[in-house]
Amino acid sequence: MPPPADFQLPSWNIPNFVLRIEDLNHKGAIIFLDHFHRDILQSAVEASYTSLYTPLTAPTHVEQITLVLRCFDGIAYTSGSHTHKEIHLSLDYIVASIARARDEIRGVLIHEVVHCYQYNAKDTCPGGFIEGIADFVRLNAGYAPPHWKASGGDKWDAGYDTTAYFLDWVERRCGKGTVRKLNAYMKDSTYDAGIFMSVTGGSVDALWDIYCEHLRQK
């Protein structure tokens, strides 16, 4: 039975956004503000929703995301509570990325915002899978950095771009929404690699072998 003519899907739940810059005189802060638009975090949230959820399944628990720009080694990380998330982005890294600051800032923020929303099998999901899903969303949003490339190896869950390109291949092979389904399987259950069999009809190891062979033949 079709929905009534006036039926409307719910809109995405967009949290409150807070920006905190610890050193306005830092070159990284100046670069960020030159490229900052008020929609930068909302766009990242929408990219996460679009890749991992539908309007009917998107989580609504995140009430606020605070973006903190400060000096530290590394690139970025996400912390916080169930309802209030903090994304810390390194001012020094922004300076190091000046040649492509706009796209790199957006790409990193998409990756970190995914961590605010993705399921993690009650904290049992392999870290490489978690990071790979975040970079899969970044990849599909069009913000893959130039040094990324599809690569094989011993582990499908090596993480980041290695796993992201593998998941992208799985998505194209098995159908749009495949990664969304894998994410959904990790909402209420502990991790089991069998979710790949349930979603794709093949084991993750078999898929990885086919993928690596595909790369060798390219």
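In what follows, residues are counted from 1 in the order of the sequence shown.
- Residues Lys85 and Gln64 fail the side-chain proximity criterion, which asks for heavy atoms closer than 4.5 Å.
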After noting the C-alpha distance and the side-chain angles of Trp156 and Phe196, does the key distance pass the ring-ring contact (aromatic ring centres under 6.0 Å, His included) rule? CA-CA 12 Å; Trp156 70 269; Phe196 279 86; 5.2 Å; yes

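- Considering Thr66, Leu67, Ile65, Val68 in turn, Thr66 is the only one that fulfils the side-chain contact (heavy atoms from CB on, under 4.5 Å) rule with Val18.
- No hydrogens or angles considered: a donor-acceptor pair under 3.5 Å links the side chains of Asp92 and His26.
- Taking the six-membered ring where tryptophan is involved, the planes of His115 and His111 are perpendicular, since the angle between them exceeds 60° and thus also 30°.
- A 4.5 Å side-chain heavy-atom check between Val137 and Leu52 finds at least one atom pair inside the cut-off.
- Nearest heavy atoms, Leu215 versus Ala150: CD2-CB, 3.9 Å.
- Looking only at distances, a side-chain donor or acceptor of Tyr49 sits under 3.5 Å from a matching main-chain atom of Asn13.
- Taking a cutoff of 4.0 Å between a charged side-chain nitrogen and a carboxylate oxygen, Arg106 and Glu112 do not qualify as a salt bridge.
- Within 6.0 Å of atom CG in Asp34, more than 12 heavy atoms from other residues, nucleotides or ligands are found, so the atom counts as buried in its surroundings.
- The aromatic rings of Tyr77 and Phe72 lie perpendicular to each other, with more than 60° between the two planes, well past the 30° mark.
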Verdict with reasoning, His88 to Glu86, per side chain to side chain donor-acceptor pair (under 3.5 Å): CA-CA 6 Å; His88 292 246; Glu86 281 196 1; 2.8 Å; yes

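- Between the side chains of Asp188 and Tyr119, no donor-acceptor pair is found at a separation under 3.5 Å.
- Counting heavy atoms from C-beta outward, Phe36 and Ile105 have side chains that stay 4.5 Å or more apart.
- Minimum heavy-atom separation, Cys174 to Thr200: SG-CB, 3.7 Å.
- The closest side-chain heavy-atom distance from Val45 to Phe17 is below 4.5 Å.
- Within a 6.0 Å sphere centred on OH of Tyr191, other residues, nucleotides and ligands contribute more than 12 heavy atoms.
- In this structure, Arg38 places its CZ atom where only 12 or fewer heavy-atom neighbours from other residues, nucleotides or ligands lie under 6.0 Å away.
- Judged purely by distance below 3.5 Å, without hydrogens or angles, the side chains of Tyr93 and Glu104 pair a donor atom with an acceptor atom.
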